[in-house]
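Notes follow once the structure below has been shown.
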Amino acid sequence: MSKANYAVAEKTTTTWLTPKSIVDLLGPFDLDPCTPQEGMPWRTAKTMLTPADDGLATPWPVEDLVWHNPPYGRGQELWMEKAAEHGNNISLVFARTDTRWAHRFVFGHSNCRAVLFTEGRLKFCNTEGVEGDACPTGSMFVAYGAEAEQRLRKAWENGDIKGHFIAMQRMEVSDF
Ligand SMILES: C[S@@+](CC[C@H](N)C(=O)[O-])C[C@H]1O[C@@H](n2cnc3c(N)ncnc32)[C@H](O)[C@@H]1O
């Protein structure tokens, strides 16, 4: 990724926080590379990076299980590329199944082990922790790596996250 691309990603900052109940359910996490500069009312991970730290430019240690709810917008593809290549995280993004990033870095990436599509729409929180309206579309949790898959599967099997859990099975074109 070029420096110019990091700058684009930084400009697409959106601050809607994951509800604490979801982070507590799926965690604990070692690293959250994208958190608000102004702080947030609960912790999402042991280490929380802000725009001043630049969590996109900072390497994510492979042994760190990462919580990743990236800034949405034009820079999102860069965050998803980073998450896919890292391979040890749960990413929470809008279920925009037609996008280039979804095809390259979710459905088409070998580190993606599972996707949980939400039934209904999540409500994210502002930086005071107050829940907003339901977001404009459904969301998907993306599990990169085995630990992420196991945690996501458990949350779904227990009925704590409602929706459809789809484990990835990769096929070569020659399989057809
Ligand atoms: C959708 S919010 C998610 C916040 C938190 N991760 C959570 O799950 O509740 C995305 C956050 O990323 C922050 N952000 C944007 N660009 C960033 C960067 N380059 N490095 C670190 N954080 C960044 C924004 O300020 C925003 O607070």
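The residues of the chain are indexed from 1 along the displayed sequence. In listed order, ligands and their atoms are each counted from 1.
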Can you tell which part of [X] has a heavy atom less than 4.0 Å from ligand 1: side chain, backbone, both or neither?
X: Thr50; result: backbone
X: Trp79; result: side chain
X: Ala57; result: neither
X: Asp32; result: side chain
X: Tyr72; result: neither

Please confirm whether [X] comes within less than 3.5 Å of ligand 1 when only nitrogen or oxygen atoms on both sides are compared.
X: Thr44; result: no
X: Pro71; result: no
X: Gln37; result: no
X: Trp67; result: yes
X: Met40; result: no

Heavy-atom count check: over 12 atoms from other residues, nucleotides or ligands less than 6.0 Å from His164 NE2?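 Open.
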Is the CG atom of Asp98 crowded by more than 12 outside heavy atoms at less than 6.0 Å?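 It does: Asp98 CG has more than 12 such atoms within range.
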Is it the case that one hydrophobic cluster holds both [X] and [Y], taking links as side-chain heavy atoms less than 4.5 Å apart, direct or via other members?
X: Ile161; Y: Ile90; value: yes
X: Ile22; Y: Leu65; value: yes
X: Leu17; Y: Leu49; value: no

Basic-acidic side-chain contact under 4.0 Å: Glu81, Arg104: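 Looking at Glu81 and Arg104, the cut-off is not met.
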What atoms of ligand 1 come within less than 4.0 Å of a heavy atom belonging to [X]?
X: Pro70; answer: 1 (C)
X: Pro36; answer: 25 (O), 27 (O)
X: Pro33; answer: 20 (N), 21 (C), 22 (N)

Quick one: sort the Trp60 and His86 rings into parallel, tilted or perpendicular, breaks at 30° and 60°.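 Rings of Trp60 and His86: perpendicular, over 60°.
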Are the ring centres of Trp16 and Phe124 closer than 6.0 Å?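 No, too far apart.
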Determine which pairs satisfy side-chain hydrogen bond (donor to acceptor under 3.5 Å, both in side chains) with at least one residue from residues 30-51, sequence neighbours left out, and list them in order.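 For residues 30-51: Asp30-Lys46, Asp32-Thr44, Gln37-Thr50, Thr50-Asp53.
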